[in-house]
K.L.:
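Supplied in structure tokens, the structure appears directly below.
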Amino acid sequence: MSNAVTRARPGTGGRTSAVTMLIAAVGVVVTVALFAAGQRAWEYRSPASHLVLETVDACVAVLVSYLVYGRFRRSGSRQDLLLLQGFALLGLANACLALTLAQTEWVALLGLWLPPPLRVLGALLIAAAALLPRRSARSAWRRWLLAPLLGVVLVIVLVVLFQRENLPGSEQVAGGFRPPISSHGHPALLITQVVSLLAFAAAAVAFMVEARKRDDVLMRWLGPACALGALARANYLIFPASGPDWVYSGDVLRTGCYFLLLVGAGREISRYWGAQAEAAVAEDRRRVAREMHDGVLQELGYIRSELAAFASVDEERVGRIVASSDRALDEARQMLVALGRAGDEPLADALERAVEQIAERYGVALALELDASITADTEQRHALVRVAREAVLNAVRHGRAERIRVRLAQEGKSRLLEVTDDGTGFDPARRTSGRQGFGLTSMRERAEALPGVFRLESTPGDGTTVQVRW
């Protein structure tokens with residue numbers, strides 16, 4: 001998936017922090033309430049529900065690890081590599097539940113004792129991804145990125161098999177990730193729960209801070225997800241399970257953690273395909289711009305140059321045709337520039353570029369007062385630029401203005417675009433015809449479609465003011 005490093009948009013980091021802290025606060029309140037009500041306040045025995053939760057968690061972990069693999073292939077960052085390895089271990093740990101159903105004793109024992117170390121290693125890798133500085137991983141990791149994980153799994157399997165006679169069996173240990181039935185159980189399981197809790201808590205805080213710095217969809221969801229993961233480990237410590245087929249609050253919190261990861265993965269995929277669509281549109285715009293430059297603009301320029309030969313036949317008519325050709329060339333150049341510009345160009349920059357081209361071409365003085373903090377979406381930006389261009393062109397061609405002022409400002413709760421000139425002006429009460437009349441109608445329609453209000457003030461001999469307020 002796309003992994004461009006950009007500065008976080010205003011407000012996104014704050015919302016991520018608020019969500020993370022809210023989830024942590026709710027989880028703490030629920031845990032305290034359950035502890036006050038008693039260890040068995042919320043539990044029920046359901047082998048089917050237990051199996052469903054484990055399966056869902058395993059599938060989500062595998063999906064997220066595959067997603068992060070795509071990110072790593074594009075970014076090559078160490079952070080994505082550690083996330084990939086961490087989620088791969090968590091998915092493998094959840095999938096080991098199936099081993100407990102085996103008839104062979106040593107295979108079932110692997111199903112009980114393999115997940116705990118895998119989960120604690122996965123949590124530590126995720127915490128490392130959150131805490132370590134963002135750097136590029138070595139190129140060799142692109143080919144051998146999962147080799148260390150396979151080696152670690154093999155070592156754990158061998159240790160469990162050689163020590164199986166010294167390990168408690170299924171009658172002493174709850175299934176999979178759960179801690180011992182009582183405090184007299186194996187201390188290794190208790191240690192893994194504590195380490196996992198600390199790792200997820202540290203990762204939640206670090207990802208929350210990271211979300212403030214970068215506009216990364218997945219990072220914004222990793223913070224809340226790790227907060228739920230830490231609370232799930234705390235619940236497993238406070239409310240140890242009675243057996244592998246019982247469902248507890250920790251199970252619900254853990255599945256909630258994976259649900260948030262699934263949402264983050266969905267948002268990441270959506271952004272990726274959105275970026276792909278934008279890239280395709282940008283490429284198509286560049287293609288159309290090339291075709292216009294090599295075709296339409298060249299032909300219009302040729303037509304205008306050949307008109308000079310007919311000036312002696314009908315000078316007035318040829319003058320009108322030359323003027324029309326100039327307007328067509330100006331519109332074509334403006335379309336060419338617009339096609340070559342990025343879709344997220346600031347409104348102030350787009351206005352400045354558009355009106356300065358006209359001012360330079362006709363040699364008029366231009367005063368700009370543009371508030372760069374004012375934003376507009378793509379359609380609004382296009383409409384406002386067209387209104388400003390039309391107002392400046394009318395001032396130059398029809399009003400013979402020598403000085404034009406363009407102002408973009410915030411006034412109260414509304415935004416204002418104003419174009420003022422010192423031209424000859426006209427009487428707005430009189431119905432205009434021809435291009436000027438159509439231009440005024442076009443400006444009004446564009447302003448009302450923002451939605452906004454169009455206002456024109458003009459006095460013969462005293463210039464014209466065009467305002468768009470939205």
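Only heavy atoms go into these numbers, but all of them, side chains included; no hydrogens, no water, no symmetry mates.
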K.L.:
Counting C-beta onward and ignoring hydrogens, is there a side-chain heavy-atom pair between Leu218 and Arg71 closer than 4.5 Å?
P.N.:
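Of all side-chain heavy-atom pairs linking Arg71 with Leu218, at least one is under 4.5 Å.
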K.L.:
For Glu418, check salt bridge (charged side-chain N to carboxylate O under 4.0 Å, His left out) against everything at least two apart and list the hits.
P.N.:
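Salt bridge (charged side-chain N to carboxylate O under 4.0 Å, His left out) check on Glu418 returns Arg405, Arg407.
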K.L.:
Just so I know, are the side chains of Asn94 and Arg119 near enough to count as touching, which here means a heavy-atom distance under 4.5 Å?
P.N.:
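They are in contact (side-chain heavy atoms under 4.5 Å apart), so the answer is yes.
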K.L.:
Would you give the length of the straight line joining atom CH2 of Trp470 to atom CG of Leu416, rounded to the nearest 0.5 angstrom?
P.N.:
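Here the interatomic distance stands at 7.5 Å.
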K.L.:
With heavy-atom distances below 4.5 Å as the criterion, would you say the side chains of Leu260 and Leu228 are in contact?
P.N.:
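They are in side-chain contact.
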K.L.:
Counting distance only, does the side-chain N/O of Arg78 pair as donor-acceptor with the main-chain N or O of Pro133 below 3.5 Å?
P.N.:
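It does hold such a pair.
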K.L.:
Any donor and acceptor pair, going by atom type alone, linking the side chain of Arg74 with main-chain N or O of Gly70 inside 3.5 Å?
P.N.:
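Yes, Arg74 side chain to Gly70 backbone: donor-acceptor pair under 3.5 Å.
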K.L.:
Minimum heavy-atom separation for Gly91 and Ala58, please, with both atom names.
P.N.:
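The answer is O-CB, 4.0 Å.
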K.L.:
For Val152 and Leu121: C-alpha separation, side-chain torsions, deciding distance, then whether side chain to side chain contact (heavy atoms under 4.5 Å, CB included) applies.
P.N.:
CA-CA 9 Å; Val152 169; Leu121 286 175; 3.3 Å; yes
K.L.:
Would you find a donor on one side and an acceptor on the other, under 3.5 Å apart, between the side chain of Ser270 and the backbone of Gly266?
P.N.:
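No, the answer is negative, given that no donor and acceptor are paired below the 3.5 Å cut-off.
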K.L.:
Side-chain contact, heavy-atom cut-off 4.5 Å: Val52 with Val56?
P.N.:
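The answer is yes, as the side chains (C-beta and beyond) meet within the 4.5 Å cut-off.
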K.L.:
Under the side chain to side chain donor-acceptor pair (under 3.5 Å) test, which residues partner Glu402, sequence neighbours left out?
P.N.:
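Side chain to side chain donor-acceptor pair (under 3.5 Å) list for Glu402, sorted by chain: empty.
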K.L.:
With distance as the sole criterion, is a donor-acceptor pair present between the side chains of Arg254 and Tyr258 under 3.5 Å?
P.N.:
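No pair is found: no donor N or O on one side chain lies under 3.5 Å from an acceptor on the other.
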K.L.:
Show, in sequence, the C-alpha distance, side-chain angles and deciding distance for Phe207 and Leu131, and conclude whether the side chain to side chain contact (heavy atoms under 4.5 Å, CB included) test is met.
P.N.:
CA-CA 8 Å; Phe207 282 129; Leu131 296 172; over 6 Å; no
K.L.:
May I ask you to decide if Ser414's main-chain N or O and Gln410's side chain share a donor-acceptor pair within less than 3.5 Å?
P.N.:
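Yes.
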K.L.:
Does a side-chain heavy-atom distance below 4.5 Å link Phe454 with Gln467?
P.N.:
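SC-SC contact between Phe454 and Gln467 ruled out.
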K.L.:
Do Asn394 and Arg389 have side-chain N/O donor and acceptor atoms under 3.5 Å apart?
P.N.:
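Not at all, the side chains of Asn394 and Arg389 share no donor-acceptor pair under 3.5 Å.
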K.L.:
Can you tell me how far the CG atom of Asn235 sits from the CG atom of Leu197, to the nearest 0.5 Å?
P.N.:
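It comes to 9.5 Å.
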K.L.:
When you look at Leu92 and Val62, which way does the side chain to side chain contact (heavy atoms under 4.5 Å, CB included) test go after all the steps?
P.N.:
CA-CA 8 Å; Leu92 179 61; Val62 172; over 6 Å; no
K.L.:
Give me the atom names and distance for the closest heavy-atom approach of Gly223 to Ala204.
P.N.:
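It is O-CB, 3.6 Å.
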K.L.:
So do the side chains of Leu261 and Trp221 get within less than 4.5 Å of each other, counting heavy atoms only?
P.N.:
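No; the side chains remain at least 4.5 Å from each other.
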K.L.:
Got a donor-acceptor contact below 3.5 angstrom from the Asp422 side chain to the Arg403 backbone?
P.N.:
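Yes.
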K.L.:
Give a yes or no answer on whether the side chain of Gln380 reaches the backbone of Leu450 with a donor-acceptor pair at less than 3.5 Å.
P.N.:
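Present.
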K.L.:
Mind listing the closest non-hydrogen atom pair of Ala127 and Ala203 along with its distance?
P.N.:
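Minimum heavy-atom contact is CA-CB, 3.9 Å.
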K.L.:
Is there a side-chain contact between Leu393 and Tyr362 (heavy atoms, below 4.5 Å)?
P.N.:
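Sidechains of Tyr362 and Leu393: in contact.
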K.L.:
Say you draw a straight line from CG of Leu81 to OG of Ser75; how long is it, rounded to the nearest 0.5 Å?
P.N.:
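One finds 9.5 Å between CG of Leu81 and OG of Ser75.
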K.L.:
Evaluate the salt bridge (charged side-chain N to carboxylate O under 4.0 Å, His left out) criterion for residues Arg455 and Glu457: first the C-alpha distance (whole Å), next the side-chain angles of each, then the deciding distance (0.1 Å), finally the verdict.
P.N.:
CA-CA 7 Å; Arg455 183 179 179 183; Glu457 297 178 355; 2.4 Å; yes
K.L.:
Taking all non-hydrogen atoms of both residues, which atom of Asp80 and which atom of Val68 are closest, and how far apart?
P.N.:
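Where Asp80 meets Val68 most closely, the heavy atoms are O-CG1, 3.1 Å.
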K.L.:
If you compare all heavy atoms of Ala372 against all heavy atoms of Ala348, which two are closest, and at what distance to 0.1 Å?
P.N.:
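Heavy atoms of Ala372 and Ala348 come nearest at CA-CB, 3.9 Å.
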K.L.:
Does the pair Arg469 and Glu411 meet the rule for a salt bridge (charged side-chain N to carboxylate O under 4.0 Å, His left out), with working shown?
P.N.:
CA-CA 9 Å; Arg469 190 179 297 275; Glu411 294 189 351; 3.0 Å; yes
K.L.:
Go through Leu89 and Gln85 one step at a time and tell me if the side chain to side chain contact (heavy atoms under 4.5 Å, CB included) criterion holds.
P.N.:
CA-CA 6 Å; Leu89 285 177; Gln85 295 174 336; 5.7 Å; no
K.L.:
How close do Phe200 and Ala230 get, counting heavy atoms only, and between which atoms?
P.N.:
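Looking at all heavy atoms of both residues, the shortest contact is CB-N, 3.6 Å.
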K.L.:
With no hydrogens and no angle check, is any side-chain donor or acceptor of Asp462 less than 3.5 Å from a backbone partner on Ser458?
P.N.:
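No; judged by distance alone, with no hydrogens or angles, the pair does not exist.
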K.L.:
In Å and rounded to the nearest 0.5 Å, what is the CZ to CG distance from Arg267 to Leu262?
P.N.:
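One finds 12.5 Å between CZ of Arg267 and CG of Leu262.
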K.L.:
Looking at CZ of Arg415 and CG of Leu384, how far apart are the two atoms once the value is rounded to the nearest 0.5 Å?
P.N.:
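Answer rounded to 0.5 Å: 8.5 Å.
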K.L.:
Closer than 3.5 angstrom, by distance alone: can the side chain of Thr255 be matched with the main-chain N or O of Val252 as a donor-acceptor pair?
P.N.:
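No, because the side chain of Thr255 does not come within donor-acceptor range (under 3.5 Å) of the backbone of Val252.
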K.L.:
Only one of Leu118, Val60, Ile126 clears side-chain contact (heavy atoms from CB on, under 4.5 Å) with Leu90; which?
P.N.:
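Going through the options one by one, the only one that passes is Ile126.
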K.L.:
Side chains of Met219 and Gln79: closer than 4.5 Å at any heavy-atom pair?
P.N.:
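With C-beta onward as the side chain, the pair touches.
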K.L.:
Applying the side-chain contact (heavy atoms from CB on, under 4.5 Å) criterion to Ile404, which one of Val396, Ile358, Val355 satisfies it?
P.N.:
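Going through Val396, Ile358, Val355 one by one, the side-chain contact (heavy atoms from CB on, under 4.5 Å) with Ile404 is satisfied by Val396 alone.
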K.L.:
Could you grab the distance from atom CZ of Phe259 to atom CG of Leu253, nearest 0.5 Å is fine?
P.N.:
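Answer rounded to 0.5 Å: 14.0 Å.
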